[in-house]
Number of protein chains: 2
Amino acid sequence: MKNITISDVAERAKVSRSTVSQYLNQRYDYMGEKTKLRIEEVIEELGYQPNIVARSLKQKSTKTIGVIVANILHNFSTEVSRSIEDVCNDYDFHTIICNADDEPKKEKRYIEMLRAKQVDGLIIFPTGGNKDLYKRMLEENYPVVFVDRSVDGIPISSIMLDNEKASTLAINHFASNGYKRIGIVTTSILQSVTPRVERVEGYRNAMQAHGLPIDEDYIKSVNIGEIQEALIEMANLPNPPEAILAGNDLALIEILKFVKKHNLTMPKDLAVIGIDDVSFASFYSPTITTIAQPTFKMGKKAAEVLLSKIQKEESKDDGPDYRFEPELVCRDSV
Amino acid sequence: MKNITISDVAERAKVSRSTVSQYLNQRYDYMGEKTKLRIEEVIEELGYQPNIVARSLKQKSTKTIGVIVANILHNFSTEVSRSIEDVCNDYDFHTIICNADDEPKKEKRYIEMLRAKQVDGLIIFPTGGNKDLYKRMLEENYPVVFVDRSVDGIPISSIMLDNEKASTLAINHFASNGYKRIGIVTTSILQSVTPRVERVEGYRNAMQAHGLPIDEDYIKSVNIGEIQEALIEMANLPNPPEAILAGNDLALIEILKFVKKHNLTMPKDLAVIGIDDVSFASFYSPTITTIAQPTFKMGKKAAEVLLSKIQKEESKDDGPDYRFEPELVCRDSV
DNA sequence: CTGAAAGCGCTTACAG
DNA sequence: CTGAAAGCGCTTACAG
């Protein structure tokens, strides 16, 4: 099944390859009407499709961007990626999505692979573990946008939630429902991942603002596999918390499993708010109060910022970070 | 930031471009040890990365496959795609995932786009609406594998669940728990999508095998937006069903919303089994009995079959369909 | 209004 | 063991 190339079309339409190329790129300005029609016909007849690989090589642009997500298991990542894809589609850009699985090594491999594939730019949910690489891309003026997290010392603008505010909304809601002993559970904070750090920080500030005591035993930042254990520790405290803020969707799921396993009732035995509006929040029993991230808007912004960097060529000094507003979705778990 | 090319490496290492290329492709056979080391050094020094686009053009292989999913909202699609990616990774193939959103038009655009991008093969969860295109690919001997569904008259092998068995497992389980009035709800069957058709068929056969009456009012195949309505109709029957089989994850969610809205208790008021082992099944209240698909194995098989077609060049007459065994996961909703 | 020529960055016989 | 040459399928000035 030999491939049909531009030469075949040219030959058959009795014009030169250049002319066919002009046609393909819609430069009809100086093209005779009949030439145009003839080419059109032949293309139809042969079912010709231009080879994008060849075009990319010549044009030095693949009209493709790469998205490297720190961990696709987070609902947030999936939704943001989908929104990025939508925007790119509108601009005739393609998207390749990769999952770094929270491993800097994988992230590195993907960055190198995608650049070797000549993607025009990269949207990264950075693991934080490849500062040298991030820095190099910045120096080379290669278009990059961060999402969800920022990296110390790397002035690449990032699209993030106002994480402090997210915690504040949650604590306010707990407080206004009369809760005083409020805990927070997030996945591990060891690598100082922006949202986790900021959410715990926001929790502390909000508690203080309400004049509520901050008990270090109420603050758990551990690996996902250790959350059950952490919850048991909390429950065995002389004064266990009556309410818990889940730092993200995965932490929330662990809490729900815990509640179920120990036959607790929400919110009577334990009130819960989760950051990230999980899919089942609205039909769980009870329905779950969440702090939603505007994932759609964030993805859109990320794509737009990147595409504009790609267009401009001169991404010069990087812009500021962008912060998005979280939203409290009241349901029955508080 | 001018790009570093193979010429730069060659020049600096004082060899010809061919030699560098040999090095890159690990044809060291006849290469002097010092040449090899020199090239290695220079590549390191310059941070050279070969341009994959150029390589692909020459080699007529992008080492990339496309995956077009009918509807990414199904958990099944996500899991299978992820498994495909894993296998491809092992074989040094890249994966581009696209979502046809159940629209044949989008599917068509993606097929054309991916082929223009010269992907080496395609894994398609077919919408069924592009028979001409499927047929053409078959005739051109272009490597394609179907997943989840088969298409009448298009002998491209497909990786599918044993759907009849899935229904049978569910009905057996209902029956052995004493249920007699059993319904089934699937998303619309109008386009005769394989799994839906087969699951309803399997339901009928299994009911018959148990000597249970088949009431057409117990069988609902409607668009996702009309499921609530259909459930209300069922509930208002003189003899409403005591148990319902959800044809897939989205149907299950609708049923759970219904149960919640009408304050029913599972399984007392309504017993439920869902095909597709949804993420929250194990911590929902009650936990939900499901029929799990071996998504991991199915994705693996799809990738392997496609890659072997790609390797062989001669995909000749297409192989058979592959059927995978569903598995009953007993929980508390029955 | 259209064509000849050069070139994008690689790889691959082939010659020596 | 290494290099010169041709070519993958396009696009892009440039000439006419």
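Here is the naming used below: chain letters follow the sequence lines, and residue numbers restart at 1 for every chain.
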Per [X] side chain, nearest of listed nucleotides [options]:
| X | options | result |
| --- | --- | --- |
| B:Thr19 | C:dT12, D:dG3, C:dG3 | D:dG3 |
| A:Asn25 | C:dC10, C:dG3, D:dT11 | D:dT11 |
| A:Gln59 | C:dT12, D:dG3, D:dT12 | D:dT12 |

Legend entry - Below 4.0 Å: OP1/OP2 of D:dT11 and any side-chain N or O of A:Ser21: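 Answer yes for this pair, as a side-chain N or O of A:Ser21 is under 4.0 Å from OP1 or OP2.
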
Legend entry - A:Lys60 side chain near C:dG9 phosphate (N/O to OP1/OP2, under 4.0 Å): yes

Inset, instruction - Kindly say whether, by distance alone, the side chain of A:Lys58 makes a donor-acceptor pair under 3.5 Å with the base of D:dG9? - result: no

Legend entry - Side-chain H-bond candidate by donor/acceptor type, A:Ser16 with A:Thr19, under 3.5 Å: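 There is such a pair between these side chains.
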
Would you classify [X] as touching base, sugar-phosphate or nothing, given that sugar-phosphate means primed atoms plus P, OP1 and OP2, and contacts are heavy atoms under 4.0 Å?
| X | result |
| --- | --- |
| A:Val15 | sugar-phosphate |
| A:Ser56 | nothing |
| B:Tyr23 | nothing |

Inset, instruction - Quickly work out the B:Ile52 CD1 to C:dC8 P distance and round it to whole Å. - result: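 Rounded to whole Å, this separation is 20 Å.
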
Legend entry - First of A:Ile6 and B:Arg17 reached from the 5' end of DNA chain D, by closest nucleotide: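 Final value for this comparison: B:Arg17.
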
For nucleotides 13-16 of chain D, which of its nitrogen or oxygen atoms have a protein nitrogen or oxygen under 3.5 Å away, and what is each distance?
none

Inset, instruction - For DNA chain C, write out the stems as range with range, using runs of 3 or more consecutive Watson-Crick or G-U pairs with both distances under 3.5 Å. - result: C:1-3 with D:14-16, C:5-12 with D:5-12, C:14-16 with D:1-3

